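As structure tokens, the structure follows; a few thoughts come after it.
Order of the sequence lines sets the chain letters (A, B, ...), proteins ahead of strands, with each chain counted from 1. Small disclaimer: the values here were computed from a predicted structure and weren't measured.
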Amino acid sequence: MSTATKPKYKVIGTRPIRHDGADKATGRAKYGADIKLTGMLYAAMLRSPHAHAIIKSIDTSKAEKLPGVRAVVTGADLPEQGDRIVELGEGAVNMRHLSSNVLARGKVNYKGHAIAAVAADNIHIAEEACKLIEVQYEVLAPVMDVVEAMQPTSPVINSDVKDDSGKPTNVAKTYLFEKGDLAKGFAEADLVIEKEFRTATVHQGYIEPHNATVFWNADGKVTVWMSTQGTFTARQQTAELHRIPISDVKVVPMEIGGGFGGKISVYLPPVAAALSKKTGKPVKLVMDRAAVFEATGPTPGSSMKVKIGVKKDGTLVAGDAWVAFEAGGYPGSPVGMGCMCVFACYDIPNARVQGFDVCVNRPRTNAYRAPGSTQVAFAVETIVDELCEKLGIDPIEFRLKNGAQEGVRRVDGPVFPRIGMKETVQAIKDSPHWKTPLTGKHRGRGVATGFWFNCGLKSAASATVNPDGTVSLLEGSTDIGGSRASISMQLAETLGIRAEDVKPSVVDTDSVGYTDVTGGSRVTFATGIAAIEAAKDIIGQLKERAAIIWECEAAQVKYEDGSVIGPKGKKLTFKELADKLHHTGGAVIGRGTSSEATQGGAFGTHAVDVEVDMDTGKVSILRYTIAQDAGTAIHPSYVEGQFTGGVVQGIGWALNEEYWYDASGSMKNATYLDYRIPTCYDVPTVETIIVEVPDPQHPYGVRGVGEVPIVPPPAAIANAIYNATGVRMADLPMSPPRLMKAILSK
Amino acid sequence: MAKKRHITTKINGDTVEFLCEPRQTLLEVLRNTLDLTGTKEGCSNGNCGACTVLMNGRPVDSCLVLAVEAEDAELKTIEGVACGTHLNAVQSAFLEGAALQCGICTPGFIMQSEALLAENPNPSEQEIRFYLAGNLCRCTGYDKIVQAVQTAAGKRQTESGTKCCH
């Protein structure tokens with residue numbers, strides 16, 4: 001669906017085979033754990049068995065004596081950080097906290113917290129040596145619940161996290177956003193609904209565990225081979241944690257096996273670097289699956305209170321939200337972003353949002369696909385559904401009436417540029433799914449909408465024209481889901497060549513300009529702009545080369561449809577001219593950057609049909625449709641793939657994923673079997689509708705598509721469950737025991 | 001350390017010998033000893049299927065097989081699926097159908113799909129979903145994988161007779 005006359009593109013909108021496809025289908029692609037270097041040592045880590053404890057002593061002497069052990073490191077082997085706050089690309093980080101998270105210093109804040117690491121001749125010796133490390137703990141009471149952790153009586157996890165009066169607290173940060181007059185807004189309302197919600201801690205669940213192989217050379221230069229969403233932030237974090245210049249660290253991106261926000265913070269490179277520094281050999285460190293669950297950043301569980309007021313005619317007049325997120329063992333949950341998303345789907349004149357970043361004895365949380373937005377959408381979108389039901393208004397019509405559009409100001413300040421929120425609602429209204437009545441017992445249909453900002457940030461690219469008319473593209477965005485293709489296609493479109501004639505490489509931090517993380521749904525947008533700029537730079541240079549050949553002024557040369565056109569009808573195709581570059585001045589290298597562009601925001605509306613087994617509380621998804629604004633879909637297959645992938649993650653979050661803890665703060669389901677992400681047998685085909693409302697901030701109208709698909713599913717499914725059972729769920733996940741309990745107590 | 005064992009096996013049509021400790025898994029030996037890193041490690045406890053290989057024609061999680069069990073076996077890994085420089089039907093269907101995003105689970109899915117199509121050349125969507133349910137993918141939401149297997153099944157049937165080199 002398009003709202004404007006669609007420009008005619010030759011490459012954009014087609015579905016070429018991705019450039020890294022053959023490598024990935026034959027097993028040749030090298031992921032982080034696949035690297036093997038001469039003389040390489042294998043490392044393993046000792047992790048805390050306690051959720052909250054003081055480390056009284058660490059004795060590594062027995063481990064060091066085990067034959068085959070080459071080095072042991074603890075937190076004492078990383079330099080002191082003091083009270084430094086460093087900007088790390090996606091926000092400011094307290095370096096003492098980051099360092100303590102990588103290797104504990106004096107205290108463990110969650111079970112699985114890294115304590116020590118051993119490098120040995122093979123992994124088995126390293127693992128045996130870890131068992132020989134003797135640690136004396138003074139076990140403290142764990143603080144697991146976000147609301148309990150906020151109480152003044154709660155034990156405090158980080159003594160250096162203080163409130164305004166200087167008193168230590170678990171509430172690391174508070175947020176307040178206000179718009180209009182809240183009291184006046186609620187006074188105008190004919191109907192007000194207020195509810196409390198809880199959502200569980202969930203993990204990104206990427207299949208590839210974290211890994212890093214590091215060589216600390218005799219000249220002090222450090223090379224890191226790893227799977228990461230951002231080589232430049234990994235470089236900076238590694239350098240800052242060792243207090244060495246960033247240019248002393250080179251990060252070589254290996255293929256990355258999923259990230260979803262969880263592979264931005266570093267866990268292993270600084271540790272492997274310390275081991276390599278001690279041994280003079282390359283050291284490889286790979287996490288096991290339990291460590292991935294227990295010791296990397298899941299996304300926060302939450303406690304929320306949301307109140308919304310509407311007039312009888314369905315006009316939204318006021319909203320009030322109180323949002324507390326688990327930060328984990330150190331501050332830094334995405335609660336601020338969650339707060340900005342709470343009411344972002346709507347034109348709401350009077351609102352207040354309060355947010356709290358709260359330390360608890362769980363792993364330090366991290367981004368997960370539209371971080372913070374899924375939790376708050378669950379609260380808001382289920383209340384909206386209840387308001388519609390009570391007023392007798394169709395939930396689609398409510399969204400068309402109150403939905404955000406160009407010119408509407410968000411509660412946190414920014415005014416929306418051209419966006420496609422209502423277009424996605426309309427697309428669901430027009431979909432075969434919505435037009436097909438749902439029949440049958442204990443079946444229900446639900447709808448929900450979600451928002452995510454999408455960011456711009458910084459990207460760089462360079463591109464060299466080859467004599468055979470192809471272009472070698474160097475970029476710094478690690479490719480998690482086909483971005484080599486989506487970036488190459490934009491370069492090809494601009495140059496008027498085929499996507500297959502671009503040869504993209506994701507290169508190390510010494511070989512390309514600064515590029516921010518593969519995250520924020522930014523790569524196809526911002527690295528795409530960098531590639532377009534590089535293509536324009538090439539075009540400028542090609543005109544000059546053609547002018548040399550034709551003995552005219554460069555200003556007399558035009559570039560059209562993949563050819564240079566000169567005076568008197570002279571013409572050379574890109575390929576013909578490429579062959580003449582060696583005789584007209586040598587290589588043509590285009591360069592491009594993107595730094596100022598920001599995205600207009602992405603919206604998606606989802607419809608779902610469920611059937612509930614009233615004897616067990618099990619929810620089956622019968623049909624699912626997503627309509628999302630992609631701006632302009634560069635490679636529609638990968639846009640659909642992002643839609644479907646996000647929806648299925650959202651279904652897992654909605655129905656069964658959660659961290660289970662016992663009273664001692666020990667996670668009881670740190671395996672895939674027990675945590676249980678959806679399998680292909682759990683989910684139906686997801687019907688995808690690509691809505692295209694071009695983003696004016698991008699030359700071809702691209703909007704990032706990766707994150708917002710995960711936002712609506714829990715709310716949409718909760719609304720469907722209500723329509724199937726009459727039960728309104730306010731807690732995630734809506735697992736069989738929880739839903740059964742709600743059904744029985746109705 | 002226990003004494004290393006000498007194992008003779010067949011991998012992708014070639015006779016291969018290696019030494020391993022009794023505690024080493026087939027996955028570890030494939031990846032670390034034999035440098036066949038196309039077989040991926042996702043969990044090392046048989047939950048994710050990323051390390052799926054064919055052992056005497058049956059799909060197995062190579063993390064749950066001890067390397068010593070490979071004695072006299074016939075193994076097929078992702079490195080042995082393509083015929084020289086020609087991708088086979090499943091591989092090309094995965095690429096044409098954009099059935100991978102990050103690609104880490106892809107080798108395991110391709111091996112499991114190979115086993116499925118050998119057993120059942122014309123599976124229904126439900127049969128595909130059931131057979132592949134032991135392989136986890138966190139990126140795609142599975143639709144394009146299921147569609148690729150359907151496409152590959154059709155392709156194999158029309159191309160039957162043109163046998164691959166192994």
Given that the side chain runs from C-beta out, which part of [X] has a heavy atom under 4.5 Å from chain B: side chain, backbone, both or neither?
X	result
A:V683	both
A:P684	backbone
A:E255	neither
A:F643	neither
A:A29	backbone
A:I123	side chain
A:I256	backbone

- [ ] Give the C-alpha distance, both sets of side-chain angles, the deciding distance and a yes or no for side chain to side chain contact (heavy atoms under 4.5 Å, CB included) between A:D34 and B:R31.
- [x] CA-CA 8 Å; A:D34 300 338; B:R31 289 178 54 79; 2.8 Å; yes

Hey, could you give me the [atom1]/[atom2] distance between [X] and [Y], rounded to the nearest 0.5 Å?
X	Y	atom1	atom2	value
A:R289	B:N45	CZ	CG	9.0 Å
B:R138	A:Y672	CZ	OH	7.5 Å
A:E687	B:D143	CD	CG	9.5 Å
A:N122	B:E21	CG	CD	6.0 Å

Least distance between heavy atoms, [X] atom then [Y] atom:
X	Y	value
B:C139	A:F260	SG-CZ, 3.7 Å
B:L100	A:Y638	O-CE2, 3.3 Å
B:N47	A:L673	OD1-N, 3.0 Å
A:I207	B:C48	CG2-SG, 4.3 Å
A:S637	B:A98	CB-CB, 3.6 Å
A:P209	B:G42	CG-O, 3.7 Å

Evaluate B:R23 against A:E128 for salt bridge (charged side-chain N to carboxylate O under 4.0 Å, His left out), listing each step before the verdict. CA-CA 13 Å; B:R23 66 179 168 185; A:E128 281 169 26; 2.8 Å; yes

Could you walk me through whether A:D682 and B:R129 pass the salt bridge (charged side-chain N to carboxylate O under 4.0 Å, His left out) check? CA-CA 9 Å; A:D682 297 323; B:R129 287 185 182 273; over 6 Å; no

Pairs involving residues 99-111 of chain B, ordered by first then second residue, that meet salt bridge (Lys or Arg N to Asp or Glu O under 4.0 Å) (sequence neighbours left out):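 Every candidate salt bridge (Lys or Arg N to Asp or Glu O under 4.0 Å) pair involving residues 99-111 of chain B fails, so no pair, neighbours aside, qualifies.
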
